[in-house]
Structures are given as structure tokens and as C-alpha cells.
Protein chains: 2
Amino acid sequence: MATIYEVSALAGVSLATVSRVMNGGTRVSEKTRDKVNKAVEALNYRPSSIARSLASNCSNSVGILVSELHGPIYGEMMSGIEKQLRTAGKHVIIAAGHSDAVSEKDGIEFLIDRNCDALILHVEAISDAYLIELAKSKHPFILINRYIPQISDNCISLNNRRGGYLATKALLEHGHRDIAYISGPLWKMDASDRYLGHQDALSEYGIICNETLLFESNFQEEGGNEGILTLLDTHIPFSAVVCANDEMAAGAMQAARDKGLAVPDDISVMGFDNILLAQYMYPKLSTVNYPVKDMGKMAASWILKNIYQAPQPEITHVFEPELVWRDSVNSL
Amino acid sequence: MATIYEVSALAGVSLATVSRVMNGGTRVSEKTRDKVNKAVEALNYRPSSIARSLASNCSNSVGILVSELHGPIYGEMMSGIEKQLRTAGKHVIIAAGHSDAVSEKDGIEFLIDRNCDALILHVEAISDAYLIELAKSKHPFILINRYIPQISDNCISLNNRRGGYLATKALLEHGHRDIAYISGPLWKMDASDRYLGHQDALSEYGIICNETLLFESNFQEEGGNEGILTLLDTHIPFSAVVCANDEMAAGAMQAARDKGLAVPDDISVMGFDNILLAQYMYPKLSTVNYPVKDMGKMAASWILKNIYQAPQPEITHVFEPELVWRDSVNSL
DNA sequence: AACATTAATGTAAGCGCTTTCATTTGGTTT
DNA sequence: AAACCAAATGAAAGCGCTTACATTAATGTT
């Protein structure tokens with residue numbers, strides 16, 4: 001691999017000049033620029049990003065920490081981020097935090113040690129306090145899908161509460177009154193916010209939220225499965241169930257059917273997230289849209305703007321969910 | 001951030017000694033090791049991975065190029081890779097290739113420019129020739145889900161042909177004789193291999209493969225949708241359809257139902273990949289298991305073994321698919 | 001033509017480590 | 001106590017760039 005020395009020698013200019021033309025910026029005469037470019041071409045020279053980082057103290061890399069690398073939501077999110085960042089010539093280092101505090105801290109340290117210029121964090125288990133503290137350090141980061149008032153500028157989040165509200169309200173508008181709820185782990189912000197929204201809608205209709213119709217689950221298909229079974233076992237009647245994400249909704253529908261219940265005739269199901277497969281479930285799932293890809297892009301924009309001083313359009317910090325009406329809910 | 005100088009000063013030893021204790025390896029007396037560790041502790045020193053990389057010419061990073069960051073398959077794959085690599089202290093830089101030759105080459109160059117020690121490539125559009133050439137360069141890589149005889153040692157692949165065979169054979173064994181096929185883009189190796197397997201099974205049963213019952217699609221739900229519609233329009237009777245992946249199977253089931261056809265009573269559907277959601281479709285999808293996570297792990301192992309000289313268990317280069325029998329196929 | 005400005009280029013000092021080779025230390029041997 | 005040797009440590013030269021500062025060339029002014 002050719003180095004900048006060889007280029008400078010071949011072009012008959014100094015190191016500094018080569019560096020200048022490689023980095024665009026500063027003034028270099030047309031003539032020398034050409035000479036350098038020819039030499040670069042001839043030697044097939046590619047600057048070493050490592051050496052560049054060391055000298056400039058900027059690694060051009062941003063670290064992403066998500067709970068899992070698989071799963072429809074994280075995939076979309078990373079997809080949005082990577083696209084945005086790569087066109088800007090930045091690269092993306094990823095790590096998984098597995099929704100576990102220790103593992104998440106590990107991941108953050110790992111990424112920081114890797115000299116990331118900034119981090120995009122999707123963390124669930126780590127405390128607000130830790131994050132607030134981190135914000136004081138000189139390691140910039142943006143939080144995705146989480147809102148912490150003290151550092152609101154570092155947050156890009158979905159209005160989950162409103163999403164929960166929308167989901168349940170749609171059910172109520174269609175005549176449902178006995179509505180069960182399969183939640184994600186309630187210690188997770190998004191899960192509890194969504195549930196809060198559910199309660200908002202209920203109380204708007206003067207309905208007292210029945211805690212026994214709540215099943216706290218794990219955001220996974222199998223959890224939806226288990227949820228519906230448990231709920232059914234209580235023998236408390238309900239005509240609809242809202243699931244805090246689409247995967248649990250899939251599990252719930254499956255389990256309901258296994259029990260001989262038809263969806264939506266015997267029981268209506270509402271999801272949340274609007275993952276791609278929601279429209280291919282049977283029946284097609286009514287759900288709440290979570291524009292996660294856009295949020296990923298926005299997080300990337302924030303970094304481009306705040307860390308790399310690239311001009312960017314206005315940053316949106318909180319995104320609004322929207323109801324997506326399909327076939328899994330019927331009218332009473 | 002403290003540097004190695006400060007540590008060396010505080011501990012009263014030379015740079016080299018600090019470096020030695022940081023890197024474990026070489027002999028340092030207990031006493032000095034302690035002194036150094038104390039200083040490290042006191043200063044909260046973390047070595048700069050950048051400087052380390054520059055000096056040692058090893059970046060401890062491996063680049064991953066997948067077609068898309070979203071999608072159930074890639075997610076599982078990356079998940080397997082990241083887990084394996086991170087426990088070894090390596091980090092993972094990702095890029096997307098979008099199944100497009102130009103974009104894939106871009107991605108490879110991008111990762112190489114980032115000084116990755118090795119690459120894990122899931123590329124579809126790039127030619128064999130290019131990769132064979134690349135193998136001659138000093139940039140090590142492992143190909144995942146692709147087999148090129150000339151560089152077989154760099155390949156970790158699924159026996160797709162056998163998978164296609166298994167899928168269709170299962171249908172044949174259950175009495176189906178008129179079997180439609182919704183394929184992925186046939187220029188993609190995996191798609192054409194799976195189709196070949198389908199033909200293998202057919203000819204084993206003495207059935208002439210009817211080209212009009214083949215629909216070449218895009219591996220996406222919507223493509224399965226379109227596929228079944230087109231196939232139905234031909235008015236050539238068929239009792240079952242095998243889809244070259246589960247997502248298309250979801251689309252196909254959906255579309256069949258929209259046309260008033262019951263699955264599996266009027267039409268049986270077989271998928272491929274065994275994505276997580278396959279078991280939550282309705283009816284539960286019969287499919288062929290693609291152990292993609294294990295393959296990701298294996299790719300990581302290969303790198304750990306071949307690039308970082310870490311001891312690893314035996315490397316498996318070709319993985320075998322397995323039939324997963326569920327409810328979307330009936331017996332004739 | 002002499003001088004002041006500004007643009008273009010060069011010099012050299014780092015960036016924070018690793019690593020080779022030389023030197024010192026301390027324990028053994030005779 | 002002298003001589004020897006292996007183990008421990010240190011000195012210093014890079015790794016391939018960027019960048020502040022110095023120098024030179026080009027242009028404009030009067």
C-alpha cells in the first residue's frame with residue numbers, strides 16, 4: 001500500500017500539499033493539484049484512515065448500540081442510520097446491548113474505546129442518571145426511542161403514550177369496551193408509556209382500567225401467545241386485546257386461533273409498530289405506525305449536524321405515531 | 001484522556017513496560033506490573049485503539065457487508081457475527097450492499113479503506129471473478145451464503161439446492177403433483193440453487209418441470225403476492241406452491257386468501273428460511289430451516305482462527321438445511 | 001522599480017502507541 | 001568475589017497522517 005510519502009515524492013511536492021489535495025479544503029493551485037492526483041492515481045494511493053484519525057483526532061466513525069441486531073425494528077433503524085451516515089463517508093460500528101444494564105454499559109465503553117466520534121444509543125436498561133452523567137463527558141451521543149427531560153436535546157423519541165392512546169381509542173370508537181392489554185416489560189419506558197396511553201383512552205371514555213386485563217410480557221411472539229392464554233384463563237370477558245407490539249400481536253392471534261377463537265370475529269387484535277409483516281399477517285393487522293427508519297435517519301442527521309458540522313435540515317426530536325387500520329379489528 | 005506517557009511517568013517505568021503490561025503477553029515482574037496497574041487505575045487510562053492500530057498495523061475490526069441491514073435473515077446473521085466477535089474484543093463495522101454490484105464494490109472498498117483486518121461478505125451481485133481476484137489481494141475475507149469453487153475455503157454456504165429439494169420432495173411425498181414455484185431473482189445464486197433443487201425433486205418423481213408454473217420474483221412479501229396472482233391467472237391447475245423464502249410465502253398466502261382460496265385446503269404453501277415469524281403465520285408455515293445465525297458465528301470463527309490466530313473449533317463450510325413441518329401443507 | 005499583500009507550498013513537530021535492540025538487574029555458578 | 005546468563009527494563013525509531021508556522025512565489029500598488 002502506497003503511503004503519502006511516495007505520493008509526495010512522485011508528484012514532487014511536500015507531504016502537506018498532498019494532504020491538502022486529499023482533503024479538498026484549502027487552496028492548492030490547479031497545476032499541483034493535477035500533479036498530485038496523477039500520482040495518487042498511478043500509485044493507487046488510499047489514505048490510511050487510521051493514521052488520519054490519529055493525527056486529526058477524528059475517527060469518522062459513529063457507534064451504534066441497539067438492543068438486538070435482529071428484529072424488525074432494530075433492522076429498520078440501523079438501515080436508516082447507515083444509509084445516512086455512509087453517504088457522508090462516516091462509518092458505523094455496531095454493538096448489541098441485549099436490554100441489560102451491564103451489557104449496555106459494556107457496549108458503550110466498547111464503542112468509546114473504539115474512538116467513535118459519537119454514539120447512537122438505543123438503550124433500555126441503563127439508568128437516566130448514568131446517561132445524564134455521560135452527557136457531561138465529552139463523548140457526544142444521541143438517544144433513540146427514549147426521552148429524558150434533562151437532556152432532551154440528546155433524545156429522539158416516539159410519542160409512545162400517544163401511540164397507546166391511539167390504539168385503544170380506535171378500539172373504543174368501534175364499540176369495544178372490554179379491552180385487554182398485553183404489554184412489554186413495564187420497566188421499559190416505551191412499554192410503560194404505551195400502557196399509559198391505553199389508560200388515557202380508557203379514562204376518556206369513562207372506563208376504569210381493569211388491572212386484571214393487563215398481562216405484562218416480553219415484546220416477543222411467544223410472549224403474546226402466553227399473554228392471550230393467561231388472559232383467557234381469567235374468564236374475564238374481553239372483546240379486544242391491544243398488544244404493545246406487532247410481534248406479540250402475531251403470537252396472540254396465533255394462540256387465540258389455537259383456542260378456537262376467530263380474529264376479528266371473536267376477538268379483535270390491535271398491534272403496535274407496523275412492522276413490514278403486519279400487513280401480511282392473517283388477518284392483516286391493525287396497528288400503530290412507528291416511523292423507526294425515519295427516526296434512525298434523524299439521529300444520523302443530528303450527528304452529522306452537531307458533530308461533523310454538516311448542514312442538515314431541521315432536527316425533529318419527537319415523532320408522532322399514526323393509526324394504521326386494517327382487518328384485525330371489527331366493529332361491535 | 002490519559003496517555004501512555006502519563007501512566008509511564010506515574011508508575012516510574014518506561015513506555016515499553018506499560019505497553020507490555022497492557023498487552024498481557026511478555027514477561028514483566030509482578031512488582032512492576034502492579035505499579036503500572038495502579039497508575040492505570042489512578043488515571044483511568046484506556047489505550048487509544050487508533051494509536052494501537054497505527055503502530056501495530058492491526059485494527060481489530062472486521063467489516064461486514066450485507067445486502068440489507070433489515071430483514072430477518074440479515075439480522076440473525078449479524079447477530080451471530082457480532083456476538084462471536086465482540087467477546088473476542090473485535091469490533092464490527094457494517095455496510096449495506098443493496099444487492100447491487102456497484103454498491104457492493106463501494107461497500108467493500110469502504111470497509112477496506114477503514115482498515116478492517118478482514119471482511120465478512122454477503123454479496124450477491126458482484127461477479128465470481130471479482131471475488132477470486134480479491135482473494136489474491138492481501139485483504140482476507142469470508143463469503144457467506146455463497147459458494148465459489150476456486151476459493152471454496154473462503155466460503156460458508158448453505159446447501160441451497162438440497163433445501164429446494166427437501167421442500168419440493170415433502171410436497172411430493174404428501175401427494176402433490178402440480179407444484180408451482182415462486183422464486184427469488186434467478187441471477188442470485190441462492191435463488192437458482194433452490195430452484196435447481198426443486199427440479200431435482202420433481203425429476204426424481206418423474207415429473208417434467210413446467211416452466212409456466214415458475215414465477216420469478218424478488219424475495220419480498222409483495223413479490224409473493226404478485227406471484228400467486230400471476231400463477232392463478234394462467235389457469236394452469238396446481239395444488240401447492242413452494243416459495244423460495246418465507247416472506248414471499250407470507251405474501252402468497254395473503255394473496256391466495258384474498259382470492260378466496262383457503263390455505264392449506266385449497267392450496268398448500270411451502271416456505272424457505274424458517275424465519276422467526278414463520279411459526280406465527282396463519283396457518284403456521286412449513287418451511288426449510290436456514291441456520292443463518294450459526295453460519296454467522298461460523299464466519300466469525302473462521303476469522304478469529306485465520307486472522308487472529310485464536311483457537312477455534314473445526315470450521316464447517318457448508319451447512320445443511322432441514323425441513324420444518326407445520327400447518328401450511330396438507331396431504332392429498 | 002520597490003514594496004506590500006496574499007496565495008501557494010514546504011518544514012517539522014506531533015498524534016499515542018508498538019517493537020526491536022540495547023542495557024541493566026539479579027540470581028547462579030565456580 | 002569474579003564471571004556468566006537469563007529475565008526485566010529502557011531507549012528510540014517508527015506507523016502514516018495533519019497542521020501550525022515559516023518560507024517562497026505571485027500579484028497588485030504607487
Side-chain angles (χ1 to χ4, degrees), chain A residues 1-40 43-61 89 91 112-117 138 308-309, chain B residues 1-40 43-61 89 91 112-117 138 308-309:
Chain A
M1 195 93 265
T3 74
I4 196 172
Y5 288 96
E6 303 166 42
V7 175
S8 106
L10 183 62
V13 300
S14 73
L15 288 194
T17 302
V18 177
S19 177
R20 284 188 191 102
V21 351
M22 293 313 290
N23 294 298
T26 28
R27 54 261 272 88
V28 181
S29 75
E30 270 313 310
K31 225 186 306 180
T32 51
R33 184 184 303 278
D34 274 6
K35 278 194 297 187
V36 171
N37 281 142
K38 287 226 174 61
V40 166
L43 296 168
N44 187 28
Y45 166 70
R46 346 263 335 222
S48 149
S49 65
I50 297 281
R52 208 201 279 255
S53 298
L54 182 59
S56 68
N57 195 29
C58 162
S59 67
N60 281 310
S61 68
H91 68 271
I112 288 177
D113 281 355
R114 250 54 207 190
N115 289 80
C116 293
D117 296 331
K138 56 181 189 332
Y308 298 115
Q309 283 76 277
Chain B
M1 195 93 269
T3 73
I4 196 172
Y5 288 96
E6 303 166 41
V7 176
S8 106
L10 182 62
V13 300
S14 74
L15 288 194
T17 302
V18 178
S19 178
R20 285 188 191 102
V21 353
M22 293 312 292
N23 295 298
T26 27
R27 54 257 278 84
V28 181
S29 75
E30 269 313 309
K31 224 188 309 181
T32 50
R33 184 184 303 279
D34 274 5
K35 279 195 296 187
V36 171
N37 283 142
K38 287 227 173 62
V40 166
L43 296 167
N44 188 28
Y45 166 71
R46 347 259 338 220
S48 150
S49 65
I50 296 282
R52 208 201 279 256
S53 298
L54 182 59
S56 68
N57 194 30
C58 162
S59 67
N60 282 311
S61 67
H91 68 272
I112 287 178
D113 281 355
R114 251 53 206 191
N115 289 79
C116 293
D117 296 331
K138 59 181 185 334
Y308 298 115
Q309 281 80 280

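Order of the sequence lines sets the chain letters (A, B, ...), proteins ahead of strands, with each chain counted from 1.
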Task: Rounded distance in Å - CD1 (Ile4(B)) to C1' (dA12(D)) - done: 14 Å
TODO: Go through dC17(D), dT9(C), dT19(C) for me and flag the one nearest to the Thr32(A) side chain.
DONE: dT9(C)
Open item on the list: Tell me the interatomic distance from Asn57(B), atom CG, to dT18(C), atom P, rounded to whole angstroms.
Closed with: 13 Å
Task: Out of dC17(C), dG10(C), dT18(C), whichever nucleotide has its closest atom nearest the side chain of Ala51(B) - done: dC17(C)
- [ ] Would you tell me if any nitrogen or oxygen in the side chain of Thr17(B) comes within less than 4.0 Å of OP1 or OP2 on dG10(D)?
- [x] yes
- [ ] Can you see which heavy atom on Ala39(A) is nearest to which on Ala11(A), and at what distance?
- [x] CB-CB, 3.9 Å
TODO: Heavy atoms only: give me the nearest Val28(B)-Arg33(B) pair and the separation to one decimal.
DONE: O-NH2, 3.6 Å
Task: Nucleotide nearest Arg20(A) when distance is taken to its side chain, options dG16(C), dT9(C), dT18(D) - done: dT9(C)
TODO: State, with a plain yes or no, whether a side-chain heavy atom of Ser49(B) is found less than 4.5 Å away from one of Asn60(B).
DONE: no
Open item on the list: Checking contacts here: which listed nucleotide (dT18(D), dT9(C), dC17(C)) is nearest the side-chain heavy atoms of Tyr45(B)?
Closed with: dC17(C)
TODO: For Ser53(B) and Ser59(B), work out which heavy atoms get closest and say how close.
DONE: OG-CA, 3.4 Å
What nitrogen or oxygen pairs link the protein and nucleotides 22-26 of chain C at under 3.5 Å?
none

Open item on the list: Side chain of Leu54(B), heavy atoms from C-beta onward: which of dC17(C), dC15(D), dG10(C) has the nearest atom to it?
Closed with: dC15(D)
TODO: Could you tell me the separation between the CE atom of Met22(B) and the P atom of dC17(C), rounded to a whole number of Å?
DONE: 9 Å
Task: Side chain of Tyr5(A) (C-beta onward), nearest among dC17(D), dT11(C), dA8(C) - done: dC17(D)
Open item on the list: Less than 4.0 angstrom between a side-chain N/O of Ser56(A) and OP1 or OP2 of dT18(D), yes or no?
Closed with: no
- [ ] Starting at atom CD1 of Ile50(B), determine the distance to atom C1' of dC17(D), rounded to an integer number of angstrom.
- [x] 12 Å
- [ ] Answer with base, sugar-phosphate or nothing: what part of the nucleic acid does Val18(B) contact at a heavy-atom distance below 4.0 Å?
- [x] nothing
Open item on the list: Please check if the number of heavy atoms outside Asp34(A) that lie under 6.0 Å from its CG is greater than 12.
Closed with: yes
Open item on the list: Measuring to OP1 and OP2 of dT18(C), would you say a side-chain N or O of Ser19(B) lies under 4.0 angstrom away?
Closed with: yes
Task: Interatomic distance, Asp117(A) CG vs dC15(C) C1' [rounded to whole Å] - done: 15 Å
Task: Out of dC17(D), dC15(D), dT18(D), whichever nucleotide has its closest atom nearest the side chain of Asn23(A) - done: dT18(D)
Task: Gap separating the CZ atom of Arg20(A) from the CG atom of Leu15(A), nearest 0.5 angstrom - done: 10.5 Å
TODO: Specify the separation, in whole Å, of atom CZ of Arg52(A) and atom C1' of dC15(D).
DONE: 16 Å
TODO: For Asn60(B) and dC17(C), give me the distance from atom CG to atom C1', rounded to whole Å.
DONE: 13 Å
Task: Rounded distance [0.5 Å steps], CG in Asn115(B) versus OG in Ser48(A) - done: 4.5 Å
Open item on the list: Just the rounded figure in Å: distance from P of dA26(D) to CD of Glu30(A).
Closed with: 16 Å
Open item on the list: The side chain of Ser48(B) is closest to which nucleotide in this list: dT19(D), dG10(C), dG16(C)?
Closed with: dG16(C)
Task: Atom pair CG (Asn37(B)) and CE (Met22(B)), whose distance is rounded to the nearest 0.5 Å - done: 8.0 Å
